[in-house]
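Below, read A as the first sequence line, B as the second, and so on, with proteins coming before strands; counting in each chain starts at 1.
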2 protein chains.
Amino acid sequence: MTVAPRRQPTLEEVAERAGVSRSVASRALNNAPHVSPAKREAVERAVRQLGYVPNPTARALATRQTGAAALVVSGEDPSIFADPFFAQVIVGASTALEDADLHLMLCLAASDRGRKRVEELLRSKGADGVLLMALREGDPLAGMAEEAEMPVVFGGRPVGVAPRWYVDVDNVGGAREATEYLISRGRTRVAAICGRLDTEAGRARYRGYRDALLGAGLDPLPPQEGDFTEPSGAAATAVLLKQHPDLDGIIAANDNMAAGALRTLRAAGRAVPADIAVVGFDDLTVAQVADPPLTTVHQPITALGREMARMLVAVINGHDPTPLILPTRLVTRSSA
Amino acid sequence: MTVAPRRQPTLEEVAERAGVSRSVASRALNNAPHVSPAKREAVERAVRQLGYVPNPTARALATRQTGAAALVVSGEDPSIFADPFFAQVIVGASTALEDADLHLMLCLAASDRGRKRVEELLRSKGADGVLLMALREGDPLAGMAEEAEMPVVFGGRPVGVAPRWYVDVDNVGGAREATEYLISRGRTRVAAICGRLDTEAGRARYRGYRDALLGAGLDPLPPQEGDFTEPSGAAATAVLLKQHPDLDGIIAANDNMAAGALRTLRAAGRAVPADIAVVGFDDLTVAQVADPPLTTVHQPITALGREMARMLVAVINGHDPTPLILPTRLVTRSSA
DNA sequence: ACCTAGTCTGGGATCGCTTCCAGTTTCGTG
DNA sequence: CACGAAACTGGAAGCGATCCCAGACTAGGT
């Protein structure tokens with residue numbers, strides 16, 4: 001019964017077949033008012049018979065809305081994206097965007113080429129809004145985003161400034177709680193393997209560590225910087241062991257580095273948690289799989305993505321939502 | 001609330017400013033022939049002065065090309081996407097797409113809503129092409145993709161049929177090699193924790209295991225099915241240990257499940273690899289971090305994504321590339 | 001000086017949809 | 001029964017590019 005036409009049917013043809021004008025057909029499709037039930041029905045029938053699907057591009061041109069939001073992940077090279085963290089953000093963002101009927105474009109601003117394309121996207125309004133993540137200090141993307149007259153929601157704050165719209169996790173609080181936990185269990189010589197200090201997350205987590213130690217009247221160690229990868233955690237631990245042989249606790253700025261720490265400690269013959277307690281941050285799969293399973297600061301990553309997307313949708317719809325800080329929670333397993 | 005003070009300059013304005021017609025300006029922009037050097041220069045200057053950026057939507061409408069490719073990940077629920085596997089595919093696909101100046105749209109066809117949106121995308125030609133992954137047996141997406149008159153490249157073959165264009169990994173060969181390795185090291189009672197048997201990867205890897213055992217004159221065990229997650233690997237191992245207390249080797253269909261196996265074995269007091277050897281598949285980070293580090297079948301995941309994207313670009317450009325099977329390679333660490 | 005071949009140019013049609021707006025119906029009310 | 005408001009309708013004007021094509025202009029050959 002349904003005729004398979006060569007070219008895609010257009011709204012014009014639908015209208016003709018339904019015996020109405022294009023405008024009425026359009027209104028019927030977008031169930032806008034001012035369409036009599038009879039014609040609405042006729043249009044629907046014609047749509048069904050013709051197998052009509054509206055052309056998103058034409059619609060976009062007319063409405064000046066692309067129907068898509070971009071998730072931009074900044075970084076020096078694409079491998080940053082291999083962190084399972086982003087996958088979870090995407091899951092959250094994707095479902096929220098789906099609810100708003102927006103598509104998700106993914107932009108890895110890793111290469112120069114990638115950054116250039118993001119800039120073009122921003123300037124050409126190639127999306128209705130942008131979710132911006134993993135900015136480092138002095139990242140040119142921050143400025144571009146500012147200039148672009150486009151809704152931008154930040155995932156995690158950029159270093160130093162607080163943008164108008166962002167969703168972040170309570171990094172300071174989480175790190176503080178973890179460190180306090182270590183202290184409460186009698187650890188007194190606790191070091192921090194912190195993430196890159198050119199990211200706000202790296203800094204904030206170190207601050208949380210420092211605050212906790214100072215609060216307990218203990219001396220914080222200077223930051224031992226890693227880059228959020230497992231090898232960097234292993235390397236940092238080696239350095240720490242050499243510098244402070246009497247260490248009895250390590251708090252890492254993420255689970256990957258904590259896993260690296262476990263590896264080095266195992267190789268060095270230090271028992272975890274008997275000799276040294278280790279705490280991670282993120283609560284990704286690796287924390288559960290590690291041996292021993294990691295005590296870690298859980299952060300609601302999927303919720304982060306979801307709330308970012310929701311906030312973006314709100315901004316797109318003309319609202320002015322307030323920034324959001326998501327809570328963290330310490331998950332105790334056996335590494336501390 | 002809508003802010004629309006300074007409208008973006010249009011090609012028309014650029015042309016006027018450069019003292020040429022729209023057509024010439026357009027040609028100059030797309031550096032097409034039939035534009036004198038002088039006017040080309042004038043257009044470029046005008047573009048610079050006005051800060052003009054072409055409107056991608058308008059261009060898309062006129063050229064009937066969206067400038068985007070969609071990566072569709074099928075699954076029962078969004079958590080499937082949490083597998084770091086996909087992140088790596090994305091990295092590969094993203095860079096290749098970047099080279100072709102295509103944007104990447106990410107579609108998680110997990111919910112009903114998600115699937116419906118993918119169908120719409122397919123039917124409305126909302127993208128220039130589609131990368132389709134993680135199809136299960138009887139997945140409706142396969143049919144939709146077939147019907148849609150749109151270039152579709154499969155990542156991994158769907159169960160049973162071989163589509164026209166796909167990139168896959170040598171699952172059978174990889175699993176066979178891993179199993180043969182176990183046998184060559186003197187293991188004789190080897191079990192397979194296989195992935196979902198409604199996926200081709202799950203089946204193929206089991207076939208590789210079976211082929212190797214049969215080839216060595218040993219009896220393959222029936223498939224112990226998992227779902228590619230760590231817990232399912234742990235559970236499957238528990239079952240195997242109960243059914244076959246004399247097991248001396250396990251080959252898991254991916255690293256996650258192998259990690260689960262390690263966890264159960266540790267809990268059961270079996271030494272790895274002394275008592276039981278374990279081999280994984282994928283060679284993700286978890287394989288390196290696991291204790292003991294996993295011997296596993298490395299598959300070139302980023303290359304998979306890259307080649308899929310390249311193939312898609314070829315198809316979009318009117319070519320008819322031949323399907324590709326990427327090689328795997330056994331990486332020996334200490335678990336076997 | 002004239003004609004031809006070749007290069008440039010720019011007006012206008014087109015892509016498929018939304019939306020404004022003026023004109024037409026419909027309908028309730030006094 | 002008349003009248004004004006409200007509900008509908010459909011023609012037409014965009015949205016901002018691309019691209020065809022007829023005509024102008026240039027240059028070279030005779």
Item to complete: Determine the contact category for S36(B): base if any of its heavy atoms lies under 4.0 Å from a base atom, sugar-phosphate if only primed atoms, P, OP1 or OP2 are that close, otherwise nothing.
Response: sugar-phosphate

Discussion item. Does dT18(C) have OP1 or OP2 under 4.0 Å away from a side-chain N or O of R59(A)?
Written reply: yes

Worksheet item: Among dG10(D), dT9(C), dG16(D), which nucleotide sits nearest the side chain of V24(A)?
Response: dG10(D)

Response to the item:
Walking DNA chain D from its 5' end, the first of Y52(B) and R27(B) to be reached, judged by nearest nucleotide, is Y52(B)

Practice prompt. Would you indicate what P56(B) reaches in the nucleic acid, counting non-hydrogen atoms under 4.0 angstrom: base, sugar-phosphate, or nothing?
Written response: nothing

Worksheet entry | S23(B) side-chain proximity, nearest of dT9(D), dA17(D), dG10(C) | dG10(C)

Discussion item. To check you understand the geometry: which heavy-atom pair defines the closest contact between A70(B) and C107(B), and what is its length?
Written reply: CB-SG, 4.3 Å

Worksheet item: Out of dG10(C), dG16(D), dT18(C), which nucleotide sits closest to the side chain of S21(B)?
Response: dG10(C)

Discussion item. For a quick test of reading the model: is some side-chain N or O of N30(B) closer than 4.0 Å to OP1 or OP2 of dT18(D)?
Written reply: yes

Practice prompt. Quickly work out the E13(B) CD to dG16(D) C1' distance and round it to whole Å.
Written response: 11 Å

Worksheet item: Between the side chain of Q8(B) and the main-chain N/O of R123(A), is any donor-acceptor distance below 3.5 Å?
Response: yes

Fill in: Length of the CG-C1' vector between L11(B) and dT14(C), whole Å
15 Å

Response to the item:
When G19(B) and A62(B) are each assigned the nearest nucleotide of DNA chain C, the 5'-most assignment goes to G19(B)

Worksheet entry | Value in whole Å for how far the C1' atom of dA17(D) lies from NZ of K125(A) | 17 Å

Worksheet item: Between dT14(C) and R64(B), is there an OP1 or OP2 to side-chain N/O distance shorter than 4.0 Å?
Response: no

Fill in: Distance in angstrom units between E12(B) CD and dC15(D) C1', rounded
13 Å

Worksheet item: Going by atom types alone, do T199(A) and E137(A) pair a side-chain donor with an acceptor below 3.5 Å?
Response: no

Worksheet, complete the sentence: Closest non-hydrogen contact found for P323(A) with R164(A) is CG-O, 3.5 Å

Fill in: Separation of dC20(D) C1' from R22(B) CZ (nearest whole Å)
13 Å

Worksheet item: When you measure from the side chain of R59(B) to the backbone N and O of P54(B), does any donor-acceptor pair fall under 3.5 Å?
Response: no

Response to the item:
When rounded to whole Å, the CG to C1' distance for the pair L29(B) and dT9(C) reads 17 Å

Item to complete: Describe the nucleic acid contact of T63(B) in one word from base, sugar-phosphate, nothing, applying a heavy-atom distance below 4.0 Å.
Response: sugar-phosphate

Worksheet entry | Atom-to-atom span, NZ of K39(A) to C1' of dC8(D) - whole angstrom | 8 Å

Worksheet item: Just how far, in rounded Å, is C1' of dG14(D) from CG of L61(B)?
Response: 13 Å

Worksheet entry | Pairwise 5' ranking along DNA chain C for T57(A) and V35(B), keeping only the more 5' one | V35(B)

